[in-house]
2 protein chains.
Amino acid sequence: MPTTRVTDIASTLRAAGLKVTAPRTAVLHALDSMSHVTADQIFAAVHPALPGTSLQAVYGVLGALTDAAIIRRIEPAGSPARYERRVGDNHHHLVCTGCGLVADVDCAVGHAPCLTPSNTEGFVATSAEIIFWGRCTSCASSSNEPPEENRV
Amino acid sequence: MPTTRVTDIASTLRAAGLKVTAPRTAVLHALDSMSHVTADQIFAAVHPALPGTSLQAVYGVLGALTDAAIIRRIEPAGSPARYERRVGDNHHHLVCTGCGLVADVDCAVGHAPCLTPSNTEGFVATSAEIIFWGRCTSCASSSNEPPEENRV
DNA sequence: GTGGCATCTTGAATCACTCAAAACAACTAT
DNA sequence: ATAGTTGTTTTGAGTGATTCAAGATGCCAC
């Protein structure tokens with residue numbers, strides 16, 4: 001469970017062998033209150049408190065944190081990459097075809113049942129990624145049809 | 001099973017209410033011999049026979065065919081969109097993290113077992129998309145580690 | 001054969017992201 | 001505490017994939 005305390009953020013970074021910097025702390029802090037957000041949204045959240053921070057720095061931070069498995073990157077079709085702090089469990093995502101909202105889903109049956117194609121065609125599969133496409137509450141009620149290919 | 005005969009391609013298009021044009025026929029024909037290919041690759045395949053065809057036309061054709069559910073678009077993270085002619089069944093994909101190769105996988109357990117989050121958080125899920133990440137035969141044997149983040 | 005409208009061509013623009021060089025700042029060792 | 005080393009960030013530019021727009025073309029219905 002991620003926490004909001006700066007000290008913990010610092011030790012998380014250090015544990016991964018990463019230097020503790022203001023942009024990194026700010027990005028991780030922002031990801032505690034937002035989830036499934038884009039680099040732009042994170043930048044917008046971080047910028048007021050840390051006006052010197054550049055968008056490229058945010059990209060760099062997100063890349064480093066993703067490589068270190070501190071955060072997870074998800075890339076639904078038609079959407080810019082989104083990031084979340086929940087890592088290490090096998091959970092999946094619901095994506096609204098109307099507004100692009102993303103929600104978490106725990107794998108319904110514990111450990112991935114149909115998710116073991118193992119050696120098909122010589123492939124060695126190492127992980128499975130599932131995206132459920134549907135409509136979120138407000139999109140489902142507000143309009144029955146998506147307003148003109150309003151994709152993520 | 002898609003067929004190669006031009007007549008059948010024409011009737012497929014007409015059945016979807018689409019006009020039968022040279023670019024569309026050529027794209028569908030190309031997709032009979034290639035699968036999981038990018039717009040660029042399709043353009044390259046189509047261009048020699050139909051030199052007047054533009055890349056934008058290929059994008060347009062692919063969009064129209066995708067909307068008409070004649071072809072399927074898959075967008076693995078980090079890869080440009082890929083297209084395949086196999087539609088209407090629930091099959092999924094293996095993507096090689098080394099070279100980007102994509103292979104089909106039939107859902108191992110018939111009808112999507114862990115794939116029914118149904119109404120989580122008010123979401124109404126309509127379809128599930130699975131991507132298995134792994135290494136293809138040649139990438140698995142040629143090198144044990146991916147050569148420097150050689151992502152799709 | 002002709003008209004109407006979908007489709008294609010041409011050209012430009014956008015979005016999300018990456019690359020590169022130089023300035024800077026964390027951690028390490030003194 | 002201080003200086004050095006090296007990883008990060010800043011600034012600025014560039015790229016790939018895709019989309020947008022205006023006008024020309026050509027498919028199909030009549």
Side-chain angles (χ1 to χ4, degrees), chain A residues 6-7 9-28 37-44 46-47 49-68 70 73-83 100 148-152, chain B residues 6-7 9-28 37-44 46-47 49-68 70 73-83 100 148-152:
Chain A
V6 171
T7 320
I9 287 178
S11 42
T12 300
L13 287 170
R14 260 185 269 268
L18 296 170
K19 288 185 178 172
V20 179
T21 67
R24 285 176 178 172
T25 308
V27 166
L28 277 176
V37 282
T38 64
D40 257 340
Q41 292 172 308
I42 294 169
F43 174 65
V46 163
H47 199 255
L50 231 60
T53 311
S54 64
L55 177 57
Q56 286 82 340
V58 172
Y59 275 110
V61 168
L62 291 173
L65 296 180
T66 303
D67 288 347
I70 293 171
R73 174 194 281 133
I74 58 179
E75 300 177 53
S79 163
R82 289 160 182 277
Y83 298 85
E148 276 309 307
E149 184 68 10
N150 184 12
R151 280 186 53 197
V152 187
Chain B
V6 171
T7 319
I9 288 177
S11 43
T12 300
L13 287 169
R14 261 186 268 267
L18 296 170
K19 287 186 179 171
V20 179
T21 67
R24 284 175 179 172
T25 308
V27 165
L28 277 176
V37 282
T38 64
D40 257 340
Q41 292 173 307
I42 294 169
F43 174 65
V46 162
H47 199 254
L50 232 61
T53 310
S54 64
L55 178 57
Q56 286 82 341
V58 172
Y59 273 110
V61 167
L62 291 172
L65 295 180
T66 303
D67 287 348
I70 293 171
R73 174 195 280 132
I74 58 178
E75 300 177 53
S79 163
R82 289 160 184 276
Y83 298 85
E148 276 308 306
E149 185 68 11
N150 183 12
R151 278 187 54 196
V152 189

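Convention: sequence-line order gives letters A, B, ...; per-chain numbering from 1.
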Length of the OH-C1' vector between A:Y59 and D:dG14, whole Å: 14 Å
Separation between OH (B:Y83) and CD (B:E75), nearest 0.5 Å, reads 7.0 Å
When rounded to whole Å, the CG to C1' distance for the pair A:L62 and C:dT18 reads 14 Å
Please classify the nucleic acid contact of A:T53 as base, sugar-phosphate, or nothing, using heavy-atom distances under 4.0 Å. sugar-phosphate
Under 4.0 angstrom, heavy atoms only, what part of the nucleic acid is B:A81 near: base, sugar-phosphate, or nothing? sugar-phosphate
Check this one for me: any side-chain N or O of B:R24 less than 4.0 Å away from OP1 or OP2 of D:dC27? no
Whole angstrom is fine here: how far is it from CG in B:L65 over to P in C:dA6? 17 Å
When A:V61 and A:K19 are each assigned the nearest nucleotide of DNA chain D, the 5'-most assignment goes to A:K19
When you measure from the side chain of A:R24 to the backbone N and O of A:K19, does any donor-acceptor pair fall under 3.5 Å? yes
Nucleotide nearest A:L18 when distance is taken to its side chain, options D:dT18, D:dT8, C:dT10: D:dT8
Nearest 0.5 angstrom please: B:Y59 OH to B:I42 CD1, how far? 9.5 Å
A:R14 CZ - C:dA25 C1' separation (whole Å): 14 Å
Nearest 0.5 angstrom please: B:L28 CG to B:L65 CG, how far? 5.0 Å
Between atom CD in A:E75 and atom C1' in D:dT18, what is the gap in whole Å? 16 Å
B:P23 has a side chain; which of C:dC8, D:dA17, C:dT10 sits nearest to it? C:dC8
Can you tell me how far CG of B:L18 sits from CG of B:D67, rounded to the nearest 0.5 angstrom? 9.0 Å
Whole Å only: how far is the CD1 atom of B:I74 from the P atom of D:dA17? 16 Å
Given atom CG of A:D67 and atom P of D:dG7, what is their separation to the nearest angstrom? 15 Å
A:Q41 has an atom CD; how far is it from atom C1' of C:dC17, in whole Å? 16 Å
Nearest-nucleotide pick for B:A57, side chain only, options being C:dT9, D:dT11, D:dC28: C:dT9
Reading DNA chain C from 5' onward, which residue's closest nucleotide shows up sooner: B:Q56 or B:T21? B:T21
Look at all strands and tell whether A:L55 reaches a base, only sugar-phosphate, or nothing, counting heavy atoms closer than 4.0 Å. nothing
